[in-house]
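Note that the structure is predicted; figures quoted are calculated from it, not measured. By convention in this document, chain letters (A, B, ...) are assigned in the order of the sequence lines, proteins followed by strands, and residues within each chain are numbered from 1.
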2 protein chains.
Amino acid sequence: MVRPDWIAVDWGTTRLRVWAMQGSEVLENRASDKGMGSLTPEGFEPALLDLVEDWLGDQPVPVIACGMVGARTGWVEAEYRPTPCTPLDPLRATRPQVEDTRLEVHILPGLSQSDPPDVMRGEETQIAGFLAQNPDFEGTLCLPGTHCKWVVVSNGEVESFHTFMTGEIYALLSRQSVLRLTIGDAVPDREEFAEAAGQARENAELMPSALFPLRAAALLEGLTPEQGAGRLSGLLVGSELAAARPLWEDRQVVIIGAPELSALYAHSLTQAGADAHEMDGGALVLAGLTAAASALTRTE
Amino acid sequence: MVRPDWIAVDWGTTRLRVWAMQGSEVLENRASDKGMGSLTPEGFEPALLDLVEDWLGDQPVPVIACGMVGARTGWVEAEYRPTPCTPLDPLRATRPQVEDTRLEVHILPGLSQSDPPDVMRGEETQIAGFLAQNPDFEGTLCLPGTHCKWVVVSNGEVESFHTFMTGEIYALLSRQSVLRLTIGDAVPDREEFAEAAGQARENAELMPSALFPLRAAALLEGLTPEQGAGRLSGLLVGSELAAARPLWEDRQVVIIGAPELSALYAHSLTQAGADAHEMDGGALVLAGLTAAASALTRTE
């Protein structure tokens, strides 16, 4: 019988992941597709109980959650802490009301920035996990994904951050625009990616003019779906790198994300002469949630 | 009883428009929503007959059609004529097989370009209509819409052209990305448009980094949907203008399209010091189809 002394929860838009924890040790972990995007406010507690109820005994158990669960359209809105600041402050977590009082739910705050306006929910916990393991890091973290976050870290704090919608734009253009006829779900060709990324990184004006030519090249020259996917991905990532240049030039960059996508960013950054390294981000959320749990325990 | 001596057809992705013509005089016009996008190849002749059958007598009638009806996924694939060339050559029209032999259907060719790869179907007929009325024009035509075409015209020929997916990207981002929560179908605010368009036009790196901040500004600062729509539209049009600069700087530009959208392009081009004028494009397709009919008649 699994009896955690706390429960870690990573609750994003599309996925819910939970871990039964004893200190920093994982007793068991589970996941479901009951992400924030598919739930109304009253659906969160049942979705959580579906996964954790048999972990609960007679006593209340702290549940530390991060991610879009704290969005305005989530369970309850958790606050945004304005940068510059440390990535985590579990004492400012938001406590949703629950029917099953064995659940002591803490939803961690996100981060905000006023100029340019930006917000994050969930990545701050990954950053805290990274800093727990690399407390002296000075440089930039790049977290590719649906929304790629570039995070400037100094003295253990998030100095500033910038979000790019590159992954979401790729998905929309490849599957729903006229380019769906050319690309669809094809796997990006690496060489086409590298060439297009380099071109768009060095010439920010290229990307908007080079999108429709992907369709035309398929019609006129037999560009394959994989080549089209590689070029589209390269154009979008390259134009992101052009815009993000002050964040990676002459700085140490650590790329944290899914291995395939991280490799694409790493390749183009290295090609541009950046000091960029990849790191598997899989364990960082849990490390951040563990740091939050430990801070809460210390103060209780 | 209407008995045209030819029938003009503008058959795009979403609309079918037909005119009963006597020479260059319109006897009657009709439209339906049976665009190319909603039809399989065998559906085109019935969709056309739905609109024109009572215009047909005993004799065959020439039907001159332009647009996506000639795409690979249309009625039959019409050829692309490689630029530089005149916008129209009705003798190279494609003749689909018909069951009702009173229909003598001619689908006009589109235009293609090899470097950068590009294609058009339908706009070439508008350009022909424009040149029928302005035979000495030297400069650039800008045709905003779902896909904006920039067309360099010289000596009565299309020298080159460039397609931007700006309208389609605006629709996807405002209605289907995370920005739908901020923008949706809101009408773009003109002042926000002008400011964002100017910024993105002068700094091509701005656009990719300025999209997610629209969502954040709505969350943090109460940016309204109309302001968000104006800024998004301005960022996208401005980055198009940055990329298209060689096509409009120090050239005469005529903007042909729907009045509201044309006005946005005209405003930002004029602000940048360009010699840009708007023109209502509503009648140009018919003028181009009429020029094609007249050329066909002369040679028959």
Side-chain angles (χ1 to χ4, degrees), chain A residues 13 71-73 77 80 82 110 112-120 146-150 162-166 168-169 171-173 176-179 181 200 203-221 223 236-247, chain B residues 13 71-73 77 80 82 110 112-120 146-150 162-166 168-169 171-173 176-179 181 200 203-221 223 236-247:
Chain A
T13 304
R72 193 169 295 178
T73 51
E77 188 172 12
Y80 290 115
S112 67
Q113 177 173 279
S114 59
D115 187 21
D118 215 322
V119 291
M120 71 165 69
T146 303
H147 294 167
C148 182
K149 305 275 179 189
W150 291 79
H162 302 269
T163 305
F164 291 79
M165 292 172 58
T166 307
E168 184 167 22
I169 294 173
L172 288 169
L173 290 179
Q176 299 196 53
S177 81
V178 68
L179 300 181
L181 304 169
N203 175 9
E205 290 166 9
L206 177 66
M207 185 269 282
S209 67
L211 297 177
F212 188 77
L214 299 174
R215 174 68 185 143
L219 287 168
L220 301 175
E221 301 166 2
L223 185 85
L236 295 175
V237 170
S239 74
E240 175 181 341
L241 295 182
R245 184 176 292 273
L247 304 172
Chain B
T13 304
R72 193 169 295 177
T73 51
E77 188 172 13
Y80 290 115
S112 68
Q113 177 174 278
S114 59
D115 187 21
D118 215 323
V119 291
M120 70 166 69
T146 303
H147 294 165
C148 182
K149 305 275 180 189
W150 291 80
H162 302 268
T163 305
F164 290 79
M165 292 172 58
T166 307
E168 185 168 22
I169 293 174
L172 287 171
L173 290 179
Q176 297 196 54
S177 81
V178 67
L179 300 181
L181 304 168
N203 174 9
E205 290 167 11
L206 177 66
M207 185 269 282
S209 67
L211 297 176
F212 188 77
L214 299 174
R215 174 67 184 142
L219 287 168
L220 301 175
E221 299 167 3
L223 185 85
L236 295 176
V237 170
S239 73
E240 175 181 341
L241 295 182
R245 185 176 291 273
L247 305 171

All side-chain contact (heavy atoms from CB on, under 4.5 Å) counterparts of Thr73(A), not counting sequence neighbours: Met36(A), Ala71(A)
Any residue meeting salt bridge (charged side-chain N to carboxylate O under 4.0 Å, His left out) with Glu221(B), in chain and number order, not counting sequence neighbours: none
Bottom line for Leu172(A): the part with an atom under 4.5 Å from chain B's heavy atoms is both
Main-chain N/O of Leu219(B) paired with Arg72(A) side-chain donor or acceptor, under 3.5 Å: yes
Contact residues of residues 205-213 of chain A (partner chain B; heavy-atom separation under 4.5 angstrom): Glu205(A), Met207(A), Pro208(A), Ser209(A), Leu211(A), Phe212(A), Pro213(A)
At a 4.5 Å cut-off on heavy atoms, which part of Ser114(A) comes close to chain B: side chain, backbone, both, or neither? backbone
Thr146(B): partners by side-chain contact (heavy atoms from CB on, under 4.5 Å), with sequence neighbours left out: Glu168(B)
Can you find a heavy atom in the side chain of Leu179(A) that is under 4.5 Å from one in the side chain of Met165(B)? yes
Contact winner vs chain B - Ser177(A), Ser239(A), Ala244(A), Ala171(A), heavy-atom pairs under 4.5 Å: Ser177(A)
Based on non-hydrogen pairs under 4.5 Å, which of Ala242(B), Ala216(B), Pro117(B), Ala204(B) is most in contact with chain A? Pro117(B)
State the CG-CG distance between Asp118(A) and Leu220(B), to the nearest 0.5 angstrom. 8.5 Å
